[in-house]
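Please read all numbers here as calculations on a predicted model, not as lab measurements. We name chains A, B, ... by the order of the sequence lines, and we start the count at 1 in each one.
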Amino acid sequence: MAAQVTAFKRLEYNVCGELLLKNVLQVGQAFRWILEEETGHYYTTMMIPTISVSSGIVILRQTDDSVVEYAYSHEKWTSEQVERHLFSYFRLDIRLLEVHEKEWKLTDPNFAHVSTQGVRILAQEPWETLVSFICSSNNNISRITKMCHGLAENFGTQVGKYCGTVLYSFPTSEQILENGTEDQLRKLGFGYRAKYIMETAKAVVAEKKKHGLDYDYQLLEQMTTRGQSYEMSREYLMQFTGVGPKVADCVCLMGLRMDHVVPVDVHIGRIAKRDYNITATKKELAELKSEYNNLPITRKKVNLELDHIRRQLFEKWGTYAGWAQGILFFKEVGSTNGSTSEGKIKKRKLEKTTEVTPIDDKTFLKLKVAKVEA
DNA sequence: ACAGACCCTACAGG
DNA sequence: ACCTGTAGGGTCT
């Protein structure tokens with residue numbers, strides 16, 4: 001049965017120059033947005049934790065450089081709440097063009113001829129961000145996308161049907177731990193990351209119990225954001241298997257709203273050396289190392305060379321350094337290699353034939369017949 | 001410290 | 001049409 005979806009409403013915010021959906025939703029930051037090519041609709045399931053921990057469907061379309069419209073399907077959501085959530089999800093509190101003009105252009109000559117192209121950093125759900133980026137190690141975007149959808153389809157809760165596709169929530173740590181095995185994840189194409197996912201799910205379930213928390217997002221937010229320094233947050237995240245400095249930084253930036261954090265991957269590393277001539281002296285590396293004396297996990301996992309690059313780029317770009325990174329990353333690989341053609345994602349998704357776990361009656365959302373505006 | 005190994009697969013390139 | 005090689009938003013041992 002198809003989900004009952006609201007009519008499209010305009011986001012009451014002029015996104016001109018601030019947000020281009022195609023440069024944000026499918027370039028290796030979020031991995032579960034599906035593009036319906038004929039209509040240009042993007043849709044996915046997501047949670048609005050402040051309202052309910054059950055997921056709903058969100059549909060977006062950009063009709064114009066300055067106009068984004070949204071529709072949704074969830075019994076408890078109101079359009080005001082959804083709009084507020086989208087404002088937060090897209091971090092529209094931050095003025096990209098203003099940051100470009102008043103910060104990056106002033107401290108970095110490279111940004112004089114780099115346009116922001118509507119690339120923004122999202123505020124995603126922390127647990128999904130963590131799992132997604134564990135999947136990202138030594139991997140390409142199209143397979144990460146496939147894996148994230150695989151997790152939802154096999155371990156998530158059915159949310160509803162939209163555009164002929166049955167949609168599932170992103171699974172909780174319990175759903176993965178209780179219904180999944182390493183073998184099964186390997187069969188789903190996770191490779192060696194299967195073990196990382198299972199061990200992290202197990203550890204997160206245990207951590208929640210230890211801290212008396214019910215939900216994954218609560219654990220990650222409380223153990224990292226609340227009164228914690230970035231360094232301590234990263235130390236906490238890196239306790240999980242499959243989480244090194246780069247993955248931890250991605251979670252901090254895209255899941256925990258730490259705008260200054262610059263995840264350094266091979267591409268950013270290349271940019272740092274090629275365009276910024278960043279190299280560390282022995283002395284600088286030694287100083288960095290001593291700073292991690294009291295952080296045993298970080299000390300063990302960090303790559304000092306890359307950490308030096310991360311720091312240099314933060315010093316160059318400042319408060320929104322992570323956003324600057326996002327823009328340069330997109331410029332470097334987003335428009336070629338990184339952006340798996342949307343059609344391929346869709347096609348691959350439909351071709352996929354994997355076992356699907358039975359739906360939990362209690363959590364299954366009863367949704368009525370579709371009434372989608374054309 | 002530091003290579004190598006690690007799962008898988010979409011692409012090139014022949 | 002096949003075939004082989006390579007690299008992909010790293011992490012672990």
Donor-acceptor under 3.5 Å ([X] side chain, [Y] main chain):
X: Arg120(A); Y: Arg91(A); answer: yes
X: Gln239(A); Y: Glu235(A); answer: no
X: Thr6(A); Y: Tyr72(A); answer: yes

| said: According to a cutoff of under 5.5 Å between the ring centres and under 30° between the ring planes, does Phe329(A) stack with the base of dG9(C)? | reply: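 It does: the ring sits over the base of dG9(C).
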
Taking only the side-chain heavy atoms of [X] (C-beta and beyond), determine which of [options] contains the nearest atom.
X: Val247(A); options: dG9(C), dG8(C), dG10(C); answer: dG10(C)
X: Asn138(A); options: dC12(C), dG8(C), dG9(C); answer: dG8(C)
X: Val266(A); options: dC12(C), dT9(B), dG10(C); answer: dG10(C)

With a 3.5 Å limit on both atom pairs, tell me what [N] is paired to, counting Watson-Crick and G-U wobble, or say none.
N: dG9(C); result: none
N: dC2(B); result: none
N: dG13(B); result: dC3(C)

| query | Gly242(A) or Cys250(A): which one's nearest nucleotide on DNA chain C is closer to the 5' end? | reply |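 Closer to the 5' end of DNA chain C: Cys250(A).
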
| message | Assuming nearest nucleotide by heavy-atom distance, tell me which of Gln29(A) and Val243(A) is located more 5' along DNA chain C. | response |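 On the 5' side of the pair lies Gln29(A).
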
Side-chain donor or acceptor of [X] under 3.5 Å from a matching atom on the base of [N]?
X: Arg193(A); N: dC8(B); answer: no
X: Tyr196(A); N: dG10(C); answer: no
X: Glu332(A); N: dG9(C); answer: no

For atom [atom1] of [X] and atom [atom2] of [N], their distance in whole Å:
X: Leu130(A); N: dG10(C); atom1: CG; atom2: C1'; value: 14 Å
X: Ile134(A); N: dG9(C); atom1: CD1; atom2: P; value: 18 Å
X: Asp265(A); N: dT11(C); atom1: CG; atom2: C1'; value: 14 Å
X: Asn139(A); N: dA7(C); atom1: CG; atom2: P; value: 16 Å
X: Arg143(A); N: dG9(C); atom1: CZ; atom2: P; value: 12 Å
X: Met147(A); N: dG8(C); atom1: CE; atom2: C1'; value: 12 Å
X: Phe31(A); N: dG9(C); atom1: CZ; atom2: C1'; value: 7 Å
X: Lys300(A); N: dG10(C); atom1: NZ; atom2: P; value: 21 Å

When all nucleic acid strands are considered with a 4.0 Å heavy-atom cut-off, which category describes [X]: base, sugar-phosphate, or nothing?
X: Pro245(A); value: sugar-phosphate
X: Val264(A); value: nothing
X: Glu305(A); value: nothing

| said: So, OP1 or OP2 of dT11(C): does either fall under 4.0 Å of a side-chain N or O from Lys301(A)? | reply: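 Checking Lys301(A) against dT11(C): no side-chain N or O falls below 4.0 Å of OP1 or OP2.
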
| For dC7(B), does OP1 or OP2 lie under 4.0 Å from any side-chain N or O of Arg186(A)? |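 Affirmative; the distance criterion is met.
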
For the [atom1] atoms, the ones on [N] and on [M], what distance do you get once it is rounded to whole angstrom?
N: dA5(B); M: dT6(C); atom1: P; value: 14 Å
N: dG10(C); M: dA1(B); atom1: P; value: 23 Å
N: dA3(B); M: dG9(C); atom1: P; value: 23 Å

| request: Determine the interplanar angle of the His74(A) and Trp77(A) rings, folded into 0 to 90°, and report it as parallel if under 30°, tilted if 30 to 60°, perpendicular if over 60°. | output: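 His74(A) vs Trp77(A) ring planes: parallel.
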
Will you find, in the side chains of [X] and [Y], an N or O donor that is under 3.5 Å from an N or O acceptor?
X: Ser173(A); Y: Asp216(A); answer: yes
X: Gln175(A); Y: Thr157(A); answer: yes
X: Ser290(A); Y: Glu287(A); answer: no

